[in-house]
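Here's the structure we're looking at; comments come further down.
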Amino acid sequence: MPKVAPDAKPHKTLRAVSHKDDRGWWHIIDAKNRNVGKLAAFCSRLLQGKHRRDYQQHQVTGDSVIVVNAINVQFPGHTWDTKIYRFYRNRFTDPRGPKIITATRLMMLNPGIILSRAVKGMLPKNLLRPNWLRRLYVYPGAIHPHWDIPQAVVPIEKRPEVVPRAFTVMMPERQRRPEA
């Protein structure tokens, strides 16, 4: 599947960050090397608010969820080749039927659709589902564009190159670095 860009800055991940502002709670989740199904189940619980004390089944009490690094999600086994997605043009009048795309092809076209469709399938099929899905933001890269909300990944600072002490003895005096 897609590789990490060679010119990308190295970063360490915090896996998930929660942030509260005047619009409520935001959960920023890093999807790197995570299973699509488990991540979708986790996101759907956050969107519905089932983790909160004031959960009410008939109201939209959940939090907003931002998922980054959607290009690095994983499927188990041969699912990349066997899973198909059907996109209906017009279910009843179009004689060509649905447009069928495999998971590999859909990952190349738009990586965010795979996770958003999985979350949509895990939410209850009722009139509240569009309201929950409106609070789900999926981005293929490591950075999200929400201004006041922290990022889930932290750039790694470059450490100065340290020469082991054993090699300093063998190097001539003029090439040795000053020791701190």
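Quantities reported herein were computed from a predicted structural model and do not represent experimental measurements. In what follows, residues are counted from 1 in the order of the sequence shown. Values reported hereafter were calculated over all heavy atoms of this structure, with side chains retained and with hydrogens, waters and symmetry mates removed.
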Subject >> Taking every non-hydrogen atom, the tightest pair across Val67 and Ala31 >> reply: CG1-CB, 3.8 Å
Original post:
Taking all non-hydrogen atoms of both residues, which atom of Ala142 and which atom of Gln151 are closest, and how far apart?
Top reply: O-OE1, 4.0 Å
Original post:
Shortest non-hydrogen contact from Leu136 to Ser116?
Top reply: CD2-CA, 4.1 Å
Original post:
So does Ile100 have more than 12 non-hydrogen atoms from other groups sitting under 6.0 Å from CD1?
Top reply: yes
**OP:** Would you list the pairs meeting ring pair (Phe, Tyr, Trp, His ring centres under 6.0 Å) in which at least one residue belongs to residues 57-79, sequence neighbours left out?
**Re:** Phe75-Trp80
Original post:
Quick one: side-chain hydrogen bond (donor to acceptor under 3.5 Å, both in side chains) partners of Gln57, sequence neighbours excluded?
Top reply: none
Original post:
Are Arg45 and Tyr55 in a cation-pi setup, meaning NZ or CZ lies under 6.0 angstrom from the ring centre and within 45 degrees of the ring axis?
Top reply: no
Original post:
Atom CG in Asp148, atom CG in Asp22: separation rounded to 0.5 Å?
Top reply: 8.5 Å
Original post:
In terms of hydrophobic clusters joined by side-chain contacts under 4.5 Å, are Ile84 and Val36 together?
Top reply: no
Subject >> Path from Leu109 to Ile114 over hydrophobic side-chain contacts below 4.5 Å >> reply: yes
Subject >> Nearest non-hydrogen partners of Asp54 and Thr61, listed with the distance >> reply: O-CG2, 4.2 Å
Subject >> Contacts of type side-chain hydrogen bond (donor to acceptor under 3.5 Å, both in side chains), residue Asn131, not counting sequence neighbours >> reply: Arg134
**OP:** For Ala70, check side chain to side chain contact (heavy atoms under 4.5 Å, CB included) against everything at least two apart and list the hits.
**Re:** Val138
**OP:** Determine, for Tyr85 and Lys83, whether the Lys NZ or Arg CZ falls below 6.0 Å from the six-membered ring centre while staying within 45 degrees of the axis.
**Re:** yes
Original post:
Which residues satisfy the side chain to side chain contact (heavy atoms under 4.5 Å, CB included) test with Pro145, sequence neighbours excluded?
Top reply: Tyr139
Original post:
Atom NZ of Lys38 and atom SG of Cys43: how far apart are they, to the nearest 0.5 Å?
Top reply: 14.0 Å
**OP:** Quick one: which residue pairs count as a ring pair (Phe, Tyr, Trp, His ring centres under 6.0 Å) with a foot in residues 21-40, not counting sequence neighbours?
**Re:** Trp26-Tyr137, Trp26-His146, His27-His51
**OP:** Can you see which heavy atom on Val68 is nearest to which on Asp30, and at what distance?
**Re:** O-OD1, 3.7 Å
Original post:
Does some side-chain heavy atom of Val60 sit less than 4.5 Å from a side-chain heavy atom of Arg135?
Top reply: yes
Subject >> Residues, nucleotides or ligands: over 12 heavy atoms within 6.0 Å of Arg89 CZ >> reply: yes
